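None of these values were measured; they are calculated from a predicted model. Whatever order the structure lists ligands and atoms in, that order sets their numbers, starting from 1.
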Amino acid sequence: MKHNALAPWRSIRHSIATRLLAIVFSLYVLFAILLTVTQMVMEYNKAHSDIENHLKVVHETISSGVATALWDMDDNHLQAELIGVTRLPEIGGVIVRDEQEEILASEGMNTNGTIRPTTRNTEPEQTKSGQKAFSYTGDVYYEYREERKHIGTLTLIAEPDAVFNRVILSFSILVINAILKTIALWLIFLFFSRRLLHHPLSQLIQAVEQFNPEAKAPPPWVKLNIGGQNELTQLRDTYCDLTARLHRSQSDLMMLNEDLENRVKERTKELKEANAELKKAYARLNETSTTDPLTGWRNRRFISEHLDSDTAIIARTYQEWMTNHIQHPPPFLSDLVFYMIDLDHFKSINDSYGHEAGDEVLRQFCANLSTLFRKSDYLVRWGGEEFLVIARFVDHNQAGQMAERICETVAGLDFNIGNGYNLQRTCSVGYACYPFNTFHPDAYGWTDIVNFADRAMYLAKTNGRNGWVGIRYSPQCQTIHDPSLIVEQTLDLVNNQDLFLQTGKSLPHGSINA
Ligand SMILES: Nc1nc2c(ncn2[C@@H]2O[C@H](COP(=O)(O)OP(=O)(O)OP(=O)(O)O)[C@@H](O)[C@H]2O)c(=O)[nH]1
C-alpha cells in the first residue's frame, strides 16, 4: 500500500468517532448556551428579587424612624435617618415623598453618574449604566395611639455597583462552569470514543487490508483493545470466521491447482515423449519407405522428396550469377551431377550362381561405391541392378573424372559370393549435370537430367560397356555435321540438338567436342 503522510489525519477527520464527537458537541454547545442564557436570566431575576426583598426589609426597619422625623418635622432627625440608611452597602440612595408625591428629602448617590444628594422636589438622576437602579418604594405610616396615619412614601434605591457585581459574579460562575463542563465532557468523550470506537475500527481496517487469502499461514485472530461483547467484537468474530473460511477454500483451490498443474505437466511430458517416439517411428518409417532393404541405398521416393529443393537453390544461384556477376566465372561447386550406374552382364551371375549370389554382388557393389561419395550425396537404387548417384554441389567439370573412377573401382573389385567363389564385374556409367544449360537453369528439370544420364548409360552399354558417357550441353551442337554413331543415337534418343557427348577413354569412340 502506498504510504501517505496525511493519511492518519484524514482517517481521523473522517472517522466515525470524530464525526460523532463533532455532531454531539455542536448540539451540546448549542444546548449549553441556551441553558446558560436561561440560567443567566433566572439569576438576574433572582438577584432582582433578592435586592427587592432586602430593600423591603431595610424599608421596614427605618420607616418608623422616618415617620417620626416627618411627623415631628425634624429635618435633622430625617437627615440622620437617611444618611444612616445610605451607609448600608447595598443602598445607593433614599428618597422621601409626602402624600402629594412631592419629594421632601433625599440622600446618597454621588455625583459620578449616580443619584446624588438633592434638594426637595428634585428627581434623582439615573444610574450611569442608563438603567433605573433597583428600587423599592413603600408607604410611611405614623402610628399614634393605635391610629395609623399615612404621611408619605420612602423610596430605597439599591447601590448599582453592588447589583452589577452580584449579577456579573453569578454570570461568570455560570459561564466558567459551562465552559469547564464542556471541555471536561469533550475530553472524556474524545478519550472514550477513540478507545472504544476509533482504535478497534482501525484494527479491523488494518486486518482487512493485510488479509491475503493466498498466504500460507491462516489469517491471525484480530485482537481488539476493547472488552466485553458488543457490535465491534461481533463484527470482528464474523470477519475472522469469514477470512478463515476464505483462506481454507483458497488453500484447497491452490492444492487443486497444483495437483492439476502437476497432472498437466505429467501429461505434457508423456505427450512429448509419445510425440518424440512418434517422430522417431515416423522417421524410421520414412527411412524404411525411402530405403532399399538389400543395399541400404535410397529408393526413387527419396529422390522425389529431396531433389526439388536442391535444384531450386542451384537455379537461384545461377540466376543471381547471370543477373549480377555474368562477367565473372560461373558459380563454383554449384552443380548436381547425376550418375546412372549399371553392372555389366549381371543377369549371368543370377543364372550361374543363383539369385542369392546376385544379391550379394549388389550389396558389395553398393558398399564399395559408397566409399567414393560424400555422405551428403544421394545414393539411390534406381531399379534392379541400375543405380543413380547424385553428387551434390560439385564442379560439373570434374564429372568425367568421377565417372572414370567409378568404372575403375568396380572393375577392380573381387565380389565374394560365398563358397570360395570370387567374381569380377564391370559397370557402365552415364552422367548428365544440373543445370544442363547454365544460362537457362530452368530449361531442364532434374527428371530430364536423370533421363539424359540414363540414356548416356545406355550409350555406354551399347558401345562396349565398362565405360562412361556424359551428355553435356553445347550451344554448338547444332553445327555438328559429322556425328558419330553415338551422337546420332544420342540426338535421336533425346530429340535435342543442344547436346554434346563426352565419353570415357575405355570407349572406342573418344570424346566429342563440339
Ligand atoms: N539377384 C538379383 N537380381 C536382380 C535384382 N534385380 C534385378 N535383378 C536381375 O538383374 C538382371 C538384369 O539383367 P539385364 O537387364 O538383362 O542386364 P544384364 O544382364 O545386367 O546385362 P547388361 O545390363 O546389358 O549389361 C535381371 O535378370 C533381373 O532379374 C535383385 O535385386 N537381385
Undergrad: Could you pull out, from L362, N350, D351, the option with a heavy atom nearest to atom 28 (C) of ligand 1?
TA: N350
Undergrad: List every atom of ligand 1 that sits less than 4.0 Å from any heavy atom of D359, numbering the atoms from 1 in the order shown and giving each element.
TA: 1 (N), 2 (C), 30 (C), 31 (O), 32 (N)
Undergrad: Between R363 and E360, does any NZ, NE, NH1 or NH2 come within less than 4.0 Å of an OD or OE carboxylate oxygen?
TA: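 A salt bridge links E360 with R363.
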Undergrad: What atoms in ligand 1 come closer than 4.0 Å to a heavy atom of D342?
TA: 23 (O)
Undergrad: Using a 4.0 Å cutoff against the non-hydrogen atoms of R465, which atoms of ligand 1 qualify?
TA: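 The list of qualifying atoms is 22 (P), 24 (O), 25 (O).
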Undergrad: Would you mind listing which atoms of ligand 1 come within a distance below 4.0 Å of any non-hydrogen atom of R381?
TA: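 Taking each heavy atom of R381 in turn, ligand 1 has 5 (C), 6 (N), 30 (C), 31 (O) under 4.0 Å.
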Undergrad: Give the residue, atom name and distance (to 0.1 Å) of the protein heavy atom nearest atom 10 (O) of ligand 1.
TA: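 Here the nearest protein heavy atom works out to F346 CD2, 3.2 Å.
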Undergrad: Do the charged groups of K280 and E273 touch, with an N to O distance under 4.0 Å?
TA: no
Undergrad: Would you mind telling me which of Y339, Y444, F338, Y431 makes a ring-ring contact (aromatic ring centres under 6.0 Å, His included) with F452?
TA: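 So the option named by the test is Y444.
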Undergrad: Evaluate whether atom CD of E258 has more than 12 neighbouring non-hydrogen atoms of other residues, nucleotides or ligands under 6.0 angstrom away.
TA: no
Undergrad: Any Lys/Arg nitrogen of R267 or E270 sitting under 4.0 Å from an Asp/Glu carboxylate oxygen of the other?
TA: yes
Undergrad: Anything under 3.5 Å between a donor and an acceptor, one on a side chain of residues 387-396, the other on a protein residue two or more places apart or in another chain? List them.
TA:
{"residue": "R392", "atom": "NE", "partner": "D310", "partner atom": "OD2", "Å": "2.6"}
{"residue": "R392", "atom": "NH1", "partner": "S376", "partner atom": "O", "Å": "2.6"}
{"residue": "R392", "atom": "NH2", "partner": "D310", "partner atom": "OD1", "Å": "3.1"}
{"residue": "R392", "atom": "NH2", "partner": "D310", "partner atom": "OD2", "Å": "3.1"}
{"residue": "R392", "atom": "NH2", "partner": "Y378", "partner atom": "OH", "Å": "3.3"}
{"residue": "D395", "atom": "OD1", "partner": "N397", "partner atom": "N", "Å": "3.1"}
{"residue": "D395", "atom": "OD1", "partner": "N397", "partner atom": "ND2", "Å": "3.2"}
{"residue": "H396", "atom": "ND1", "partner": "D335", "partner atom": "OD2", "Å": "2.7"}

Undergrad: Considering only heavy atoms, which of K461, E385, H355, E356 lies nearest to atom 22 (P) of ligand 1?
TA: K461
Undergrad: I need the atoms of ligand 1 closer than 4.0 Å to a non-hydrogen atom of D344, numbered in the order shown.
TA: 25 (O)
Undergrad: Looking at G358, which atoms of ligand 1 are within less than 4.0 Å of one of its heavy atoms?
TA: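 With G358 as reference, the close atoms of ligand 1 come out as 1 (N).
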Undergrad: I'd like to know if R263 and D259 make a salt bridge, using a cut-off of under 4.0 Å between side-chain N and carboxylate O.
TA: yes
Undergrad: Tell me the protein heavy atom at minimum distance from atom 7 (C) of ligand 1, and give that distance in Å.
TA: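 Among all protein heavy atoms, the one nearest atom 7 (C) of ligand 1 is G384 CA, 3.5 Å.
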Undergrad: Any N/O of S348 closer than 3.5 Å to an N/O of ligand 1?
TA: no
Undergrad: Judged by modelled atom types alone, do D442 and Q319 share a side-chain donor-acceptor pair under 3.5 Å?
TA: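 Indeed, the side chains of D442 and Q319 share at least one donor-acceptor pair under 3.5 Å.
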Undergrad: L294 versus ligand 1: do any nitrogen or oxygen atoms come within less than 3.5 Å of each other?
TA: no
Undergrad: Of all the atoms in ligand 1, which lie at a distance below 4.0 Å from a heavy atom belonging to K347?
TA: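 Numbered from 1, ligand 1 contributes 13 (O), 16 (O), 18 (P), 19 (O), 20 (O), 27 (O).
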Undergrad: Can we say E305 and R301 salt-bridge, meaning some charged N sits less than 4.0 Å from an Asp/Glu carboxylate O?
TA: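 Between R301 and E305 there is a salt bridge, with a charged N closer than 4.0 Å to a carboxylate O.
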Undergrad: Only heavy atoms of L343, strictly under 4.0 Å: list the atoms of ligand 1 that pass.
TA: 20 (O), 23 (O), 25 (O)
